[in-house]
Amino acid sequence: QVQVVESGGGLVQAGRSLTLSCTASGLTFPHYSMAWFRQTPGKEREGVSFISWNGQITYYEDSVKGRFAISRDNAKNTLYLVMNSLKPEDTAMYYCATDFVGSYGTWYRESDYNYWGQGTQVTVSS
């Protein structure tokens with residue numbers, strides 16, 4: 001059984017940093033590209049960042065470019081998202097997704113990921 005678990009969310013002041021982690025078990029972690037998504041109430045889930053299975057290809061949503069950094073440690077079966085210079089508009093539930101079956105060019109499509117975590121809440125106060 002595949003389990004995806006996010007951690008690291010919390011309440012932080014604007015301008016500060018936070019690091020999210022995601023572990024996945026029940027699958028061969030290094031084989032799969034992964035991504036972070038986020039969602040706020042009343043809005044659709046949006047892709048934040050993507051990393052290929054070997055870590056060599058990464059993508060970012062425009063509003064987080066230069067502030068967020070995605071990485072992975074395949075030896076530890078762990079995905080990371082370092083979020084710097086946080087803004088109130090970054091407030092959302094953040095989800096980790098894996099088992100990507102789509103094309104890199106459309107990495108932000110929810111339907112191209114087969115496994116999701118339950119999410120971790122990030123709240124940025126102004």
Side-chain angles (χ1 to χ4, degrees):
Q1 182 178 359
V2 177
Q3 283 194 317
V4 180
V5 180
E6 304 94 337
S7 62
L11 173 62
V12 64
Q13 287 186 324
R16 304 297 292 267
S17 299
L18 208 58
T19 298
L20 305 183
S21 300
C22 169
T23 59
S25 59
L27 48 69
T28 307
F29 185 92
H31 287 187
Y32 299 104
S33 298
M34 302 183 70
W36 289 99
F37 284 73
R38 65 186 178 186
Q39 187 174 27
T40 54
K43 291 190 176 182
E44 291 191 358
R45 198 149 45 181
E46 67 170 356
V48 175
S49 185
F50 170 92
I51 188 165
S52 62
W53 63 275
N54 59 3
Q56 291 187 357
I57 297 172
T58 59
Y59 296 113
Y60 296 92
E61 190 268 330
D62 285 347
S63 71
V64 307
K65 284 180 182 176
R67 299 189 299 122
F68 289 11
I70 192 170
S71 63
R72 63 190 297 161
D73 185 337
N74 284 343
K76 296 182 178 179
N77 285 12
T78 304
L79 174 73
Y80 302 99
L81 184 69
V82 177
M83 305 185 294
N84 297 315
S85 302
L86 282 161
K87 304 175 180 181
E89 50 264 45
D90 294 318
T91 295
M93 184 72 78
Y94 283 72
Y95 297 91
C96 173
T98 188
D99 192 11
F100 175 68
V101 296
S103 300
Y104 286 1
T106 53
W107 64 269
Y108 44 83
R109 291 193 347 188
E110 285 186 66
S111 58
D112 287 341
Y113 298 84
N114 286 324
Y115 296 108
W116 294 79
Q118 294 298 306
T120 185
Q121 178 67 38
V122 173
T123 303
V124 184
S125 63
S126 57

Quick one: does [X]'s side chain get under 4.5 Å of [Y]'s, heavy atoms only?
X: V12; Y: M83; result: no
X: Y60; Y: R67; result: no
X: M34; Y: C22; result: yes

For W36 and F68, what are the C-alpha separation, side-chain angles and deciding distance, and is it a ring pair (Phe, Tyr, Trp, His ring centres under 6.0 Å)?
CA-CA 11 Å; W36 289 99; F68 289 11; 10.0 Å; no
Verify, without hydrogens or angle tests, whether [X] (side chain) and [Y] (backbone) share a donor-acceptor contact under 3.5 angstrom.
X: S33; Y: W53; result: yes
X: R45; Y: M93; result: no
X: Y113; Y: W107; result: yes

Could you tabulate the donor-acceptor pairs under 3.5 Å formed by side-chain atoms of residues 119-126, not counting sequence neighbours?
{"from": "T120", "atom 1": "OG1", "to": "G9", "atom 2": "N", "distance (Å)": "3.1"}
{"from": "Q121", "atom 1": "NE2", "to": "A92", "atom 2": "O", "distance (Å)": "3.4"}
{"from": "Q121", "atom 1": "NE2", "to": "T123", "atom 2": "OG1", "distance (Å)": "3.4"}

If you compare all heavy atoms of L27 against all heavy atoms of A24, which two are closest, and at what distance to 0.1 Å?
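Shortest heavy-atom contact: CD1-CB, 4.2 Å.
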Of the non-hydrogen atoms in V2 and G26, which two are nearest, and what is the gap between them?
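Shortest heavy-atom separation between V2 and G26 comes out as CG2-O, 3.6 Å.
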Ring centroid separation for F100 and F50, is it under 6.0 angstrom?
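Yes: the rings meet the under 6.0 Å criterion.
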Is it true that Y108 and Y59 have ring centroids separated by less than 6.0 Å?
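No, the ring centres sit 6.0 Å or more apart.
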In chain order, what residues pass the ring-ring contact (aromatic ring centres under 6.0 Å, His included) check against Y94, with sequence neighbours excluded?
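ring-ring contact (aromatic ring centres under 6.0 Å, His included) list for Y94, sorted by chain: empty.
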A quick test of your reading: do over 12 heavy atoms of other residues, nucleotides or ligands sit less than 6.0 Å from CH2 of W116?
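Yes, enclosed.
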Tell me whether the count of non-hydrogen atoms from other residues, nucleotides or ligands lying under 6.0 Å of CD in E46 goes above 12.
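Above 12, so yes.
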In terms of side-chain geometry, is the basic nitrogen of K65 or D62 positioned less than 4.0 Å from the acidic oxygen of its partner?
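A salt bridge is present here (some side-chain N lies under 4.0 Å from a carboxylate O).
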Would you please name every residue forming a side-chain hydrogen bond (donor to acceptor under 3.5 Å, both in side chains) with E6, sequence neighbours left out?
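None.
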